[in-house]
Amino acid sequence: MTAVFTDPDEAVAGIADGSTVLIGGFGLAGMPIGLIDALIRQGATDLTVVSNNAGNGDTGLAALLAAGRVRKMICSFPRQSDSWVFDGLYRAGKIELEVVPQGTLAERMRAAGAGIGAFYCPTGVGTPLAEGKETRTIDGRDYVLEYPIRGDVALIGAHAGDRMGNLVYRKTARNFGPVMATAATLTIAQVHHVVETGGLDPESVVTPCIYVDRILDLSATEANQ
(Lines give C-alpha, C1' and ligand atoms only; values in the text may rest on other atoms or scores of the structure.)
Protein backbone atom coordinates (compact mmCIF):
# COMPACT_ATOMS: atom_id res chain seq x y z
CA MET A 1 0.00 0.00 0.00
CA THR A 2 1.29 3.44 -0.86
CA ALA A 3 1.89 5.71 2.12
CA VAL A 4 0.09 9.08 1.97
CA PHE A 5 1.67 12.06 3.71
CA THR A 6 0.59 15.63 4.31
CA ASP A 7 3.97 16.62 5.79
CA PRO A 8 6.61 16.98 3.04
CA ASP A 9 9.44 16.39 5.53
CA GLU A 10 8.01 12.98 6.41
CA ALA A 11 7.53 12.16 2.74
CA VAL A 12 11.27 12.46 1.95
CA ALA A 13 12.59 10.84 5.13
CA GLY A 14 15.42 8.36 4.69
CA ILE A 15 16.96 9.62 1.43
CA ALA A 16 20.65 8.80 1.86
CA ASP A 17 23.77 10.77 1.04
CA GLY A 18 25.17 9.76 -2.35
CA SER A 19 21.79 8.81 -3.79
CA THR A 20 20.88 9.11 -7.46
CA VAL A 21 17.69 11.18 -7.50
CA LEU A 22 15.45 11.42 -10.56
CA ILE A 23 13.56 14.73 -10.49
CA GLY A 24 10.63 15.31 -12.82
CA GLY A 25 9.88 18.52 -14.64
CA PHE A 26 10.34 20.17 -17.98
CA GLY A 27 11.68 23.42 -16.67
CA LEU A 28 9.25 24.28 -13.90
CA ALA A 29 6.33 22.38 -15.50
CA GLY A 30 5.74 19.33 -13.33
CA MET A 31 8.70 20.00 -11.07
CA PRO A 32 7.93 18.67 -7.53
CA ILE A 33 9.03 21.80 -5.71
CA GLY A 34 7.40 20.80 -2.41
CA LEU A 35 9.42 17.58 -2.31
CA ILE A 36 12.63 19.31 -3.37
CA ASP A 37 12.28 21.94 -0.65
CA ALA A 38 11.77 19.12 1.85
CA LEU A 39 14.87 17.34 0.52
CA ILE A 40 16.88 20.51 1.12
CA ARG A 41 15.68 20.59 4.73
CA GLN A 42 16.33 16.84 5.07
CA GLY A 43 19.98 17.44 4.27
CA ALA A 44 21.00 14.57 1.98
CA THR A 45 24.14 15.52 0.06
CA ASP A 46 26.62 14.25 -2.55
CA LEU A 47 23.63 13.57 -4.79
CA THR A 48 23.54 12.71 -8.47
CA VAL A 49 20.46 14.38 -9.93
CA VAL A 50 18.84 13.33 -13.20
CA SER A 51 16.43 15.86 -14.67
CA ASN A 52 15.70 17.39 -18.05
CA ASN A 53 17.01 20.83 -17.09
CA ALA A 54 19.65 22.02 -14.65
CA GLY A 55 17.39 24.31 -12.67
CA ASN A 56 15.46 27.51 -13.27
CA GLY A 57 15.85 30.74 -11.35
CA ASP A 58 16.33 30.23 -7.64
CA THR A 59 13.56 27.75 -6.77
CA GLY A 60 13.10 23.99 -6.89
CA LEU A 61 16.06 22.16 -8.40
CA ALA A 62 18.03 25.41 -8.59
CA ALA A 63 17.66 25.82 -4.82
CA LEU A 64 18.92 22.26 -4.28
CA LEU A 65 21.95 23.06 -6.44
CA ALA A 66 22.56 26.33 -4.61
CA ALA A 67 22.51 24.46 -1.30
CA GLY A 68 25.55 22.49 -2.47
CA ARG A 69 23.85 19.10 -2.24
CA VAL A 70 24.47 17.92 -5.81
CA ARG A 71 27.77 16.40 -6.91
CA LYS A 72 26.72 15.52 -10.48
CA MET A 73 23.98 16.67 -12.83
CA ILE A 74 22.71 14.44 -15.66
CA CYS A 75 20.41 16.35 -18.00
CA SER A 76 19.64 17.18 -21.61
CA PHE A 77 19.41 20.97 -21.37
CA PRO A 78 21.88 22.44 -18.88
CA ARG A 79 21.97 26.04 -20.12
CA GLN A 80 19.19 28.55 -20.53
CA SER A 81 18.56 32.19 -19.64
CA ASP A 82 17.62 31.44 -16.02
CA SER A 83 20.05 28.63 -15.17
CA TRP A 84 22.46 30.97 -13.41
CA VAL A 85 22.85 28.75 -10.34
CA PHE A 86 24.07 25.76 -12.36
CA ASP A 87 26.17 28.01 -14.61
CA GLY A 88 28.02 29.44 -11.64
CA LEU A 89 28.66 26.05 -10.03
CA TYR A 90 29.88 24.52 -13.29
CA ARG A 91 32.21 27.39 -14.10
CA ALA A 92 33.63 27.16 -10.58
CA GLY A 93 34.28 23.43 -10.99
CA LYS A 94 31.88 22.60 -8.16
CA ILE A 95 29.57 20.24 -10.07
CA GLU A 96 29.99 17.49 -12.66
CA LEU A 97 27.84 17.40 -15.79
CA GLU A 98 26.74 14.59 -18.10
CA VAL A 99 24.74 15.77 -21.09
CA VAL A 100 22.33 13.23 -22.57
CA PRO A 101 20.13 13.95 -25.61
CA GLN A 102 16.55 14.41 -24.47
CA GLY A 103 15.04 11.36 -26.15
CA THR A 104 17.95 9.20 -25.05
CA LEU A 105 17.53 10.47 -21.49
CA ALA A 106 13.89 9.37 -21.44
CA GLU A 107 14.68 6.04 -23.10
CA ARG A 108 17.53 5.26 -20.69
CA MET A 109 15.14 5.66 -17.76
CA ARG A 110 12.40 3.72 -19.55
CA ALA A 111 14.93 0.93 -20.15
CA ALA A 112 15.72 0.83 -16.44
CA GLY A 113 12.04 0.45 -15.61
CA ALA A 114 11.53 -2.22 -18.27
CA GLY A 115 14.53 -4.32 -17.20
CA ILE A 116 16.44 -3.74 -20.45
CA GLY A 117 20.19 -4.19 -20.06
CA ALA A 118 21.23 -1.67 -22.75
CA PHE A 119 20.13 -0.50 -26.19
CA TYR A 120 21.61 0.90 -29.38
CA CYS A 121 20.61 4.44 -30.34
CA PRO A 122 21.66 6.54 -33.37
CA THR A 123 21.50 9.85 -31.52
CA GLY A 124 24.93 11.27 -30.75
CA VAL A 125 26.87 9.21 -33.29
CA GLY A 126 29.93 11.12 -34.45
CA THR A 127 29.68 13.72 -31.67
CA PRO A 128 31.53 14.11 -28.35
CA LEU A 129 28.49 12.52 -26.67
CA ALA A 130 29.52 9.18 -28.20
CA GLU A 131 33.17 9.30 -27.12
CA GLY A 132 34.22 6.19 -25.21
CA LYS A 133 30.98 4.35 -25.98
CA GLU A 134 30.63 1.15 -27.96
CA THR A 135 29.26 1.69 -31.46
CA ARG A 136 27.84 -0.79 -33.94
CA THR A 137 26.68 -0.61 -37.54
CA ILE A 138 23.25 -2.18 -38.04
CA ASP A 139 21.75 -2.34 -41.54
CA GLY A 140 24.19 0.32 -42.68
CA ARG A 141 23.49 2.80 -39.88
CA ASP A 142 25.74 3.55 -36.91
CA TYR A 143 24.41 3.26 -33.35
CA VAL A 144 25.78 4.02 -29.89
CA LEU A 145 25.30 1.63 -26.98
CA GLU A 146 23.43 3.33 -24.16
CA TYR A 147 22.88 1.97 -20.65
CA PRO A 148 19.84 2.43 -18.40
CA ILE A 149 19.67 5.19 -15.81
CA ARG A 150 18.35 3.85 -12.51
CA GLY A 151 17.48 6.01 -9.55
CA ASP A 152 17.60 5.32 -5.86
CA VAL A 153 14.76 7.81 -5.55
CA ALA A 154 12.36 9.52 -7.96
CA LEU A 155 10.67 12.79 -6.99
CA ILE A 156 7.83 13.52 -9.38
CA GLY A 157 4.81 15.78 -9.64
CA ALA A 158 1.34 14.58 -10.66
CA HIS A 159 -2.09 16.21 -10.70
CA ALA A 160 -3.94 13.76 -8.46
CA GLY A 161 -3.56 10.38 -6.86
CA ASP A 162 -5.70 7.88 -5.02
CA ARG A 163 -4.96 6.11 -1.76
CA MET A 164 -3.60 3.10 -3.64
CA GLY A 165 -0.99 5.32 -5.30
CA ASN A 166 -2.38 5.50 -8.82
CA LEU A 167 -1.49 8.79 -10.51
CA VAL A 168 -2.98 11.04 -13.17
CA TYR A 169 -1.16 13.99 -14.71
CA ARG A 170 -2.22 17.29 -16.24
CA LYS A 171 -1.01 18.24 -19.70
CA THR A 172 2.72 19.04 -20.10
CA ALA A 173 3.36 18.62 -16.38
CA ARG A 174 3.32 14.89 -17.11
CA ASN A 175 6.68 14.99 -19.00
CA PHE A 176 9.26 12.66 -17.39
CA GLY A 177 7.16 11.59 -14.39
CA PRO A 178 5.90 8.24 -15.77
CA VAL A 179 9.32 6.91 -16.83
CA MET A 180 11.01 8.14 -13.66
CA ALA A 181 8.40 6.39 -11.52
CA THR A 182 9.32 3.05 -13.09
CA ALA A 183 13.09 3.59 -12.92
CA ALA A 184 13.61 4.24 -9.20
CA THR A 185 13.78 2.01 -6.16
CA LEU A 186 11.71 4.54 -4.18
CA THR A 187 9.19 6.76 -5.95
CA ILE A 188 7.68 9.74 -4.13
CA ALA A 189 4.97 11.75 -5.88
CA GLN A 190 3.51 15.10 -4.87
CA VAL A 191 -0.11 15.65 -5.96
CA HIS A 192 -2.57 18.52 -5.64
CA HIS A 193 -5.13 16.24 -4.02
CA VAL A 194 -5.76 12.61 -3.07
CA VAL A 195 -9.07 10.86 -3.73
CA GLU A 196 -10.43 7.65 -2.33
CA THR A 197 -9.54 4.47 -4.14
CA GLY A 198 -11.87 4.15 -7.10
CA GLY A 199 -12.19 7.92 -7.45
CA LEU A 200 -9.95 8.09 -10.51
CA ASP A 201 -11.10 7.05 -13.97
CA PRO A 202 -9.02 3.89 -14.59
CA GLU A 203 -8.65 4.90 -18.24
CA SER A 204 -6.92 8.11 -17.11
CA VAL A 205 -4.39 6.51 -14.78
CA VAL A 206 -0.93 6.89 -16.31
CA THR A 207 1.27 5.63 -13.48
CA PRO A 208 -0.13 2.54 -11.73
CA CYS A 209 0.25 2.24 -7.99
CA ILE A 210 2.84 -0.55 -8.21
CA TYR A 211 5.40 2.12 -9.14
CA VAL A 212 4.54 4.58 -6.35
CA ASP A 213 5.72 4.18 -2.76
CA ARG A 214 4.81 7.50 -1.17
CA ILE A 215 2.40 10.32 -2.00
CA LEU A 216 2.57 13.86 -0.65
CA ASP A 217 -0.91 15.42 -0.61
CA LEU A 218 -0.49 19.17 -1.15
CA SER A 219 -4.17 20.06 -0.76
CA ALA A 220 -3.91 21.24 2.85
CA THR A 221 -0.78 23.30 2.13
CA GLU A 222 -2.23 24.90 -0.99
CA ALA A 223 -5.52 25.68 0.81
CA ASN A 224 -3.59 27.77 3.34
CA GLN A 225 -1.73 29.79 0.71
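What you find for Leu65 and Leu89 is that their closest heavy atoms are O-CD1, 3.4 Å. Taking every heavy atom of both residues into account, Ser83 and Pro78 meet most closely at OG-O, 3.5 Å. The two residues Met164 and Thr2 come nearest to each other via the heavy atoms O-OG1, 2.9 Å. Summarising the geometry of Gly24 relative to Met180, their closest heavy-atom pair is N-SD, 3.4 Å, with the distance given to 0.1 Å. Minimum interatomic distance between Glu146 and Cys121 (heavy atoms only, all atoms of both residues): CG-CB, 4.2 Å. In this structure, Gln190 and Met31 approach most closely via the heavy-atom pair NE2-O, 4.2 Å.
Counting heavy atoms from C-beta outward, Tyr211 and Leu167 have side chains that stay 4.5 Å or more apart. The closest side-chain heavy-atom distance from Glu196 to Asp162 is not below 4.5 Å. At least one side-chain heavy atom of Leu61 sits less than 4.5 Å from a side-chain heavy atom of Val49. Counting heavy atoms from C-beta on, the side chains of Glu134 and Tyr120 come closer than 4.5 Å. The side-chain heavy atoms of Leu35 and Ile156, taken from C-beta on, include no pair separated by under 4.5 Å. Using a 4.5 Å heavy-atom threshold, the side chains of Val70 and Leu64 count as touching. Side-chain atoms of Ile149 and Leu22, non-hydrogen and from C-beta on, do get closer than 4.5 Å to each other. In this structure, the side chains of Asp82 and Trp84 come closer than 4.5 Å at one or more pairs of heavy atoms.
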Next item on the list: Let me see the working for Asn53 and Gln80 under side-chain hydrogen bond (donor to acceptor under 3.5 Å, both in side chains), right down to the final yes or no.
Entry: CA-CA 9 Å; Asn53 302 76; Gln80 56 200 63; 2.8 Å; yes
Notebook entry, point to check: Between Val12 and Gln42, is a side-chain contact (heavy atoms from CB on, under 4.5 Å) present by the stated rule, with each step listed?
Noted result: CA-CA 7 Å; Val12 302; Gln42 189 260 8; 4.0 Å; yes
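By the rule that hydrophobic residues join a cluster once side-chain heavy atoms approach within less than 4.5 Å of another member, Ile40 and Leu28 end up as members of one cluster. Taken together through direct or relayed side-chain contacts under 4.5 Å among Ile, Leu, Val, Met, Phe, Trp and Tyr, Tyr147 and Leu129 form parts of separate hydrophobic clusters.
Summarising the local packing, CZ of Phe5 is surrounded by more than 12 heavy atoms from other residues, nucleotides or ligands at distances under 6.0 Å. Remark: Arg174 CZ is loosely packed, at most 12 non-hydrogen atoms of other residues, nucleotides or ligands lying under 6.0 Å away.
His193 and His159 have perpendicular rings, their planes meeting at more than 60° on a 0 to 90° scale where under 30° would count as parallel.
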Can you list, pair by pair, the side-chain donor-acceptor contacts under 3.5 Å of residues 92-101, counting residues two or more places apart and other chains?
residue, atom, partner, partner atom, Å
Glu96, OE2, Arg71, NH1, 3.2
Glu98, OE1, Lys72, NZ, 3.2
Glu98, OE2, Arg108, NH1, 3.2

Residues 199-210 side chain polar contacts: donor-acceptor under 3.5 Å, at least two apart:
residue, atom, partner, partner atom, Å
Asp201, OD1, Glu203, N, 2.9
Thr207, OG1, Tyr169, OH, 2.6

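Between the CZ atom in Phe26 and the CZ atom in Phe77 there is a gap of 8.0 Å [rounded to 0.5 Å].
A side-chain donor from one of Ser76 and Asn52 sits under 3.5 Å from a side-chain acceptor of the other.
In summary, Asp142 and Arg136 do not engage in a salt bridge, as defined by a charged side-chain N under 4.0 Å from a carboxylate O.
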